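Heads up: the structure comes next, in structure tokens.
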Amino acid sequence: MTFSELVEMTKDIDLESLGIYLGKRSNMADTISCWKDGDEWVILEVDDRQKEYETRGPEEEIISQLYGTIHFRLRPEWQK
């Protein structure tokens with residue numbers, strides 16, 4: 001999956017309300033953001049104490065990880 005495909009798939013979902021930011025960096029607590037930095041893709045996870053965990057890699061790997069996170073956060077309340 002590419003970044004463009006992910007954006008198209010999620011266009012009707014308010015990702016920012018889930019704490020997910022596409023195409024820009026976020027350093028707020030409990031957020032995940034994803035963007036392209038030169039030739040690399042970056043995913044930045046910020047925990048509840050604002051500790052940052054950054055992963056860099058190829059587009060498919062990063063977008064796949066992000067897709068899993070989106071799917072997890074969209075689970076119905078009864079599945080949590």
Side-chain angles (χ1 to χ4, degrees):
M1 176 181 296
T2 66
F3 183 79
S4 297
E5 290 169 337
L6 180 65
V7 169
E8 182 62 30
M9 281 180 56
T10 59
K11 67 182 178 192
D12 296 328
I13 302 169
D14 183 7
L15 293 177
E16 291 188 10
S17 72
L18 297 172
I20 299 170
Y21 295 82
L22 300 179
K24 59 185 173 185
R25 180 186 174 102
S26 171
N27 61 353
M28 294 183 292
D30 292 322
T31 61
I32 295 178
S33 52
C34 175
W35 68 94
K36 187 173 182 179
D37 183 22
D39 292 338
E40 291 184 306
W41 283 84
V42 182
I43 189 166
L44 180 68
E45 299 179 60
V46 183
D47 68 13
D48 58 341
R49 294 182 176 181
Q50 289 192 307
K51 182 167 172 72
E52 295 182 356
Y53 304 91
E54 184 178 289
T55 305
R56 292 175 174 265
E59 180 178 20
E60 281 189 13
E61 184 180 305
I62 297 297
I63 299 305
S64 175
Q65 182 179 347
L66 186 60
Y67 178 77
T69 300
I70 292 169
H71 189 265
F72 180 78
R73 291 192 178 192
L74 285 174
R75 291 179 307 156
E77 190 62 38
W78 58 271
Q79 286 185 338
K80 293 183 179 177

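Just so you know, these numbers use all the heavy atoms, side chains as well, and skip hydrogens, waters and symmetry mates. Keep in mind the model is a prediction, meaning the values are calculated, not measured.
Looking at heavy atoms from C-beta onward, I20 lies out of side-chain contact with T10 at the 4.5 angstrom threshold.
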- Task: Give the C-alpha distance, both sets of side-chain angles, the deciding distance and a yes or no for side-chain contact (heavy atoms from CB on, under 4.5 Å) between L18 and D14.
- Result: CA-CA 7 Å; L18 297 172; D14 183 7; over 6 Å; no

- Message: One pair to check against side-chain contact (heavy atoms from CB on, under 4.5 Å): I63 and T2. What are the steps and the verdict?
- Response: CA-CA 7 Å; I63 299 305; T2 66; over 6 Å; no

- Run the numbers on T69 and E45 for side-chain contact (heavy atoms from CB on, under 4.5 Å), then give the verdict. CA-CA 10 Å; T69 300; E45 299 179 60; 5.6 Å; no

- Item | CA sep, side-chain torsions, deciding dist, call: I70, L6, side-chain contact (heavy atoms from CB on, under 4.5 Å) | CA-CA 10 Å; I70 292 169; L6 180 65; 4.0 Å; yes

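When all heavy atoms of C34 and L66 are compared, the pair lying nearest together is CB-CD2, 3.6 Å. S33 approaches K24 most closely through the heavy-atom pair CB-O, 3.1 Å. Residues E5 and M1 come closest through the heavy atom pair OE1-CA, 3.1 Å. Contact between M28 and T31 at its shortest, heavy atoms only, is O-OG1, 2.7 Å.
Applying the ring pair (Phe, Tyr, Trp, His ring centres under 6.0 Å) test to W41 and every residue at least two apart in sequence or in another chain returns F3. Residues satisfying the side chain to side chain contact (heavy atoms under 4.5 Å, CB included) test with D30, not counting sequence neighbours, are D48.
Counting heavy-atom neighbours within 6.0 Å of Y67 OH, excluding the residue itself, gives a total of 12 or less.
Neither L44 nor V7 shares a network with the other; the hydrophobic side chains, linked directly or stepwise wherever heavy atoms of I, L, V, M, F, W or Y lie under 4.5 Å apart, form separate groups for each.
Pairs of residues two or more places apart, or lying in two chains, that qualify as side chain to side chain donor-acceptor pair (under 3.5 Å) and include a residue from residues 53-63 are D37-R56, E40-R56, D47-Y53, E54-R56.
At least one cation-pi condition fails for R25 and Y21: the charged atom is not both under 6.0 angstrom from the six-membered ring centre and inside a 45 degree cone around its axis.
To the nearest 0.5 Å, the span separating CD on E52 from CG on N27 amounts to 6.0 Å.
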